[in-house]
Amino acid sequence: MSYVKPVELVSTMIDAGETKIFLSTRDTIVRAIMGGALLTIAAAFAITVSVTTGIPLLGAVLFPVGFIMLYLLGYDLLTGVFVLGPLAWLDKRPGVTIGGVLRNWGLVFVGNFIGAFTVALLMAIVVTYGFSVPPNEVGEAIGHIGEGRTVGYAEHGAAGMLTLFIRGVLCNWMVSTGIAMSMIAKDVPGKVIAMWMPIMLFFFMGFEHSIVNMFLFPAGLMLGGDFTITDYLIWNEIPTVLGNLVGGLVFTALPLYLTYARTKAPRTPTTRRLDGSKKAASSIRRPVASRRPSVVRSQDAVLTSDAALATD
């Protein structure tokens, strides 16, 4: 399995961010729609597995298939461009501006929502036979998820909002790490294994992903979930987007950039340290034989000169 060292990885991520910022509007929207759709169909799959088997861990283990497919195909998620675009801006790539980064974020957000909402509508049709019967057990589970992740937070007030935000932060720490890991190998098996780990972790831990939620909450409303659009926006989507932004920037983009793209020069011994070591070395009494001119010492030793020998 090939391995890309972190220095090369960060360079690749910066290049990817620059490319996405200059991508045409049409291509950005299309890739974002498909990215949102593939991720959320995998979320529907994971919920179906969890409900039908009664083993939530199994759903989490299988959920990363959507993430893997979309990144192998070069599609985009908002959680990903939250990291890649700013890296290109930090690196001062020609033509990369804050305006360009924000434009990219906005287009990807719109595209992801279109893709996620489309899957939500299609899944609602599937679990209700075209809205002709009550939702099946999977549909009921999706509706209850929407309730728990909106009014469930609202019941705790400010503490609930803080918890929601932190779950968004932790989510995109893992998801953006998965995006970085997609570039850390050059062969498909290596990419798959590397991406799988952080995505499985975030899903099983119940962290908040803004794109997955673009599917869960519209689908929940269609399937009879007891919450409103305002609940969804105030008590989930907006804080989750902000948390995802902070998590991606603070825990993935900045650490990688600062330590690999803007690496400080290695530390070297200072003059004071060298002088101190010389004094320490000169204060040590050595056997007479060790002071003979034929003995060559390291830089911190006191070298015997010809003049000193003549004095002796």
| query | Considering only heavy atoms from C-beta outward, does the side chain of P239 approach that of M161 to under 4.5 Å? | reply | yes
| task | Taking atom CD1 of I229 as the centre, report whether more than 12 heavy atoms of other residues, nucleotides or ligands fall under 6.0 Å from it. | result | no
| message | Hydrophobic clusters here meaning ILVMFWY residues chained together by side-chain heavy-atom distances under 4.5 Å, can you tell me if L221 and V133 are in one? | response | no
| Spatial distance of atom OG1 (T118) from atom CZ (F113) [nearest 0.5 Å] | 9.0 Å
| task | Indicate, with yes or no, if V138 and F131 share a hydrophobic cluster defined by side-chain heavy-atom contacts under 4.5 Å among Ile, Leu, Val, Met, Phe, Trp and Tyr. | result | yes
| request: Report the C-alpha distance between T25 and R103 in whole Å, list the side-chain angles of each, state the deciding distance to 0.1 Å, and finish with yes or no for side-chain contact (heavy atoms from CB on, under 4.5 Å). | output: CA-CA 9 Å; T25 299; R103 168 188 170 276; 3.0 Å; yes
| field | Cluster check W105, V30: I/L/V/M/F/W/Y, side chain < 4.5 angstrom | value | no
| Counting N and O atoms only, with roles assigned by atom type, does the side chain of D91 sit under 3.5 Å from a partner on the main chain of R93, one being a donor and the other an acceptor? | no
| task | Check for a donor-acceptor pair, side chain of E147 on one end and backbone N or O of G225 on the other, with a separation under 3.5 Å. | result | no
| query | Out of curiosity, L102 CG to I21 CD1, how far, rounded to the nearest 0.5 Å? | reply | 9.5 Å
| query | Under a single-linkage definition using a 4.5 Å side-chain heavy-atom cutoff for Ile, Leu, Val, Met, Phe, Trp and Tyr, are V250 and M174 assigned to the same hydrophobic cluster? | reply | yes
| field | Pairwise side-chain contact, W196 with I68, heavy-atom cut-off 4.5 Å (strictly under) | value | yes
| query | What is the ring orientation for F227 with F217, classed by angle as parallel under 30°, tilted 30 to 60°, or perpendicular over 60°? | reply | perpendicular
| field | Steps toward side-chain contact (heavy atoms from CB on, under 4.5 Å) verdict (V10, I14) | value | CA-CA 6 Å; V10 173; I14 293 171; 4.0 Å; yes
| request: Apply side-chain contact (heavy atoms from CB on, under 4.5 Å) to the pair L249 and V83, showing each step before the final yes or no. | output: CA-CA 6 Å; L249 287 177; V83 170; 5.7 Å; no
| message | Would you say that L39 contacts Y75 through its side chain, given a criterion of any heavy-atom pair below 4.5 Å between the two side chains? | response | no
| query | Any donor-acceptor pair under 3.5 Å linking the side chain of N244 with the backbone of E208? | reply | yes
| said: Can you confirm whether R149 sits close enough to W235 that some side-chain heavy atom of one is under 4.5 Å from a side-chain heavy atom of the other? | reply: no
| Contact summary for G139 and V127, nearest pair of heavy atoms | CA-CG2, 4.0 Å
| field | T228 versus D231, side-chain donor and acceptor atoms under 3.5 Å | value | yes
| message | Given W173, which partner from the list F207, F251, F82 fulfils the ring-ring contact (aromatic ring centres under 6.0 Å, His included) test? | response | F251
| field | Sub-4.5 Å side-chain heavy-atom contact between V61 and F204 | value | no
| Could you state the interatomic distance from CG (L38) to CD1 (I33), rounded to the nearest 0.5 Å? | 12.0 Å
| Within a strict 4.5 Å, meaning less than it, do heavy atoms of the L170 and F202 side chains meet? | no
| said: Please check this pair: side chain of N112 against backbone of D76, looking for a donor-acceptor N/O pair closer than 3.5 Å. | reply: yes
| said: Contact between L70 and M34 at the side-chain level, heavy atoms closer than 4.5 Å - yes or no? | reply: no
| task | Please name the pair of heavy atoms, one in T52 and one in T48, separated by the smallest distance, quoted to 0.1 Å. | result | OG1-O, 2.6 Å
| request: Measure across A185 and K191 and return the closest heavy-atom pair with its distance rounded to 0.1 Å. | output: O-NZ, 3.1 Å
| said: Does either side chain, that of R167 or that of T240, offer a donor lying less than 3.5 Å from an acceptor on the other one? | reply: no
| Rounded to the nearest 0.5 Å, how far does NZ of K20 lie from CG of D27? | 11.0 Å
| said: Take a 6.0 Å sphere around OH of Y129 and say whether it holds more than 12 heavy atoms from other residues, nucleotides or ligands. | reply: no
| request: Let me know which of T177, I179, N172 forms a side-chain contact (heavy atoms from CB on, under 4.5 Å) with T252. | output: T177
| field | Flag side-chain contact, heavy atom, 4.5 Å: L162 against I166 | value | yes
| message | Do M197 and Y3 sit in one hydrophobic cluster, given that two such residues count as connected whenever their side-chain heavy atoms are within less than 4.5 Å of each other, even indirectly? | response | yes
| note | Tightest non-hydrogen contact, residues G80 and Y71, listed as CA-OH, 3.7 Å
| Which heavy-atom pair separates I238 from I234 by the least distance, and what is that distance? | CD1-CD1, 4.4 Å
| request: Would you check if the side chain of T40 reaches a backbone N or O of F215 as a donor-acceptor pair within less than 3.5 Å? | output: no
| remark: For A46 and F63, the nearest pair of non-hydrogen atoms, with its separation, is CB-CB, 3.8 Å
| field | Atom pair CG/CG of L245 and L78 - distance to nearest 0.5 Å | value | 8.5 Å
| Are T150 and N236 close enough that a side-chain donor and a side-chain acceptor fall under 3.5 Å? | no
| said: What's the separation between atom CD in E237 and atom CD1 in I211, rounded to the nearest 0.5 Å? | reply: 7.0 Å
| remark: Exactly one of L84, T28, L23 clears side-chain contact (heavy atoms from CB on, under 4.5 Å) with N104, and that residue is T28
